[in-house]
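Can you read through this structure? Questions will come right after.
Owing to the predicted nature of the structure, the values given are computational and were not obtained by experimental measurement. All values below come from the heavy atoms of this structure, side chains included, with hydrogens, waters and symmetry mates left out.
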Amino acid sequence: MMEHCRVAVVQAASLPFDPQGCADKAAKLIREAASGGARLAVFPEAFLGFYPKGASFGAPVGMRKPQGRADFAAYHRAAITLDGPEVATVAEAVAESDILVVIGCIERDGGTLYCTALFFDGAKGLVAKHRKLMPTGAERLIWGFGDGSTLSVIDTEIGRIGAVICWENYMPMLRMAMYAKGVTLYCAPTADDRDTWLPSMQHIALEGRCFVLSACQHITRGAYPPDYDCALGNDPDLVLMRGGSCIVDPLGQVLAGPDFSGETILYADLDPDAVLRGKYDFDVVGHYARPDIFSLAVDEAPRPPVRGQ
């Protein structure tokens with residue numbers, strides 16, 4: 001069961017090519033959110049490791065340019081590992097603050113990068129992760145695909161917390177899988193700052209009868225190095241992602257945001273009974289389902305490319 005609680009979405013810029021700096025900034029913001037009374041703080045997609053907005057990685061169809069290979073090598077070096085110092089820094093701040101955190105990262109695993117959401121729980125530290133199942137567009141060039149083994153929903157004192165990253169939220173079957181896991185605090189780290197994002201979050205809140213917490217970065221071109229390959233331009237004041245973070249209740253009412261003004265932390269106080277009041281007339285995996293007509297099979301087995309004998 002959920003408890004009454006305050007939650008936060010952290011709208012902040014990553015520090016491209018400075019993973020430890022990102023972790024230090026995250027730790028500061030975690031402590032700030034906790035001092036504001038938040039029991040849960042949600043950070044944007046790819047906060048640790050950074051989102052390469054506007055980069056092409058030198059990949060016209062049918063060829064890869066040498067500079068694109070160099071750009072990928074630099075991006076790979078800026079990613080994090082789950083046993084690395086960046087995760088330890090975040091875990092320390094989480095433990096000191098006794099808070100729950102969902103934070104996006106670029107996870108390095110061998111030669112492959114994954115867009116991942118990490119779950120931290122107080123003194124327990126890192127307790128789960130979700131790897132993005134379907135990178136969008138050119139993201140497929142630089143990120144690997146997650147499998148069903150990381151469709152994580154964690155049970156906490158304030159509710160059941162899950163994460164669906166950016167345009168994964170447009171995948172109906174993935175949403176249905178999360179609803180079936182009983183998610184009540186549906187976290188949506190994203191890089192989508194368009195006007196259409198908020199109504200999508202309202203729809204998901206209504207569909208799942210859950211609270212939706214979406215965090216997006218507010219970041220300018222000046223956060224990236226001058227020689228960064230950016231198709232959008234090189235004016236340091238150019239806003240590459242404008243935020244739009246929000247918190248929505250189970251009937252689709254916006255509790256906080258969207259905010260496009262800059263870096264900020266948005267807060268909302270949640271009433272746990274709102275979930276049950278919403279499911280009174282619509283429970284997509286309960287009384288409003290038609291399992292005699294529709295069914296969904298979800299494969300949650302790990303899919304490693306090489307298995308031991």
Handout entry: More than 12 heavy atoms of other groups within 6.0 Å of Asp98 CG
Key = no

Problem - Derivation and outcome, side chain to side chain contact (heavy atoms under 4.5 Å, CB included), residues Val9 and Ser214 - result: CA-CA 7 Å; Val9 291; Ser214 184; 6.0 Å; no

Practice task
Answer with yes or no whether the side chains of Asp192 and Thr190 bring together a donor and an acceptor at under 3.5 Å.
Solution key: no

Practice task
Assess whether atom CZ of Arg140 is packed by more than 12 heavy atoms of other residues, nucleotides or ligands within 6.0 Å.
Solution key: yes

Problem - Inter-residue atom distance Lys53.NZ - Thr220.OG1, 0.5 Å rounding - result: 12.5 Å

Handout entry: Student check: side-chain heavy atoms of Val42 and Val7 closer than 4.5 Å
Key = no

Practice task
Please find out if less than 6.0 Å separates the ring center of Tyr224 from that of Phe17.
Solution key: no

Exercise for the section: Report yes if the side chains of Pro250 and Phe211 come closer than 4.5 Å at any heavy-atom pair, otherwise no. Expected result: yes

Exercise for the section: Indicate yes or no: at least one non-hydrogen side-chain atom of Leu113 is less than 4.5 angstrom from one of His76. Expected result: yes

Problem - Separation between CE of Met178 and OG of Ser152, rounded to the nearest 0.5 Å - result: 7.5 Å

Exercise for the section: Give a yes or no on whether Leu151 and Ile165 share a hydrophobic cluster (residues Ile, Leu, Val, Met, Phe, Trp, Tyr; joining criterion: side-chain heavy atoms under 4.5 Å apart). Expected result: no

Fill in the blank from the handout: From the list Leu185, Asp249, Thr184, side-chain contact (heavy atoms from CB on, under 4.5 Å) partner of Leu270 resolves to Leu185

Handout entry: Side chains of Leu198 and Val254 in contact at under 4.5 Å (non-hydrogen atoms)
Key = yes

Exercise for the section: Please report the C-alpha distance between Ile106 and Phe50 in whole Å, then the side-chain angles of each, then the deciding distance to 0.1 Å, and finally whether the side chain to side chain contact (heavy atoms under 4.5 Å, CB included) criterion is met. Expected result: CA-CA 7 Å; Ile106 302 303; Phe50 87 89; over 6 Å; no

Problem - Sub-4.5 Å side-chain heavy-atom contact between Phe120 and Leu100 - result: no

Exercise for the section: Please check if atom CZ in Phe145 has more than 12 non-hydrogen atoms from other residues, nucleotides or ligands closer than 6.0 Å. Expected result: yes

Problem - Side chain proximity check, Thr136 to Cys166, heavy atoms < 4.5 angstrom - result: no

Handout entry: Residue that, paired with Lys132, satisfies salt bridge (charged side-chain N to carboxylate O under 4.0 Å, His left out) out of Glu168, Glu107, Glu45
Key = Glu45

Practice task
Verify whether one side chain among Tyr288 and Asp281 offers a donor that lies under 3.5 Å from an acceptor in the other.
Solution key: no

Exercise for the section: Could you check if a side-chain atom of Thr156 sits within less than 4.5 angstrom of a side-chain atom of Ile154, using non-hydrogen atoms only? Expected result: yes

Practice task
Kindly indicate whether the side chain of Ile99, heavy atoms from C-beta on, has any atom under 4.5 Å from the side chain of Leu40.
Solution key: no

Exercise for the section: Apply the side-chain hydrogen bond (donor to acceptor under 3.5 Å, both in side chains) test between Ser245 and each candidate in Gln217, Gln11, His218; give the one that qualifies. Expected result: Gln11

Practice task
Could you tell me whether Asp271 and Arg277 make a salt bridge, using a distance below 4.0 angstrom between a side-chain N and a carboxylate O?
Solution key: yes

Handout entry: Check: Leu240 main-chain N/O paired with Arg221 side-chain donor or acceptor under 3.5 Å
Key = no

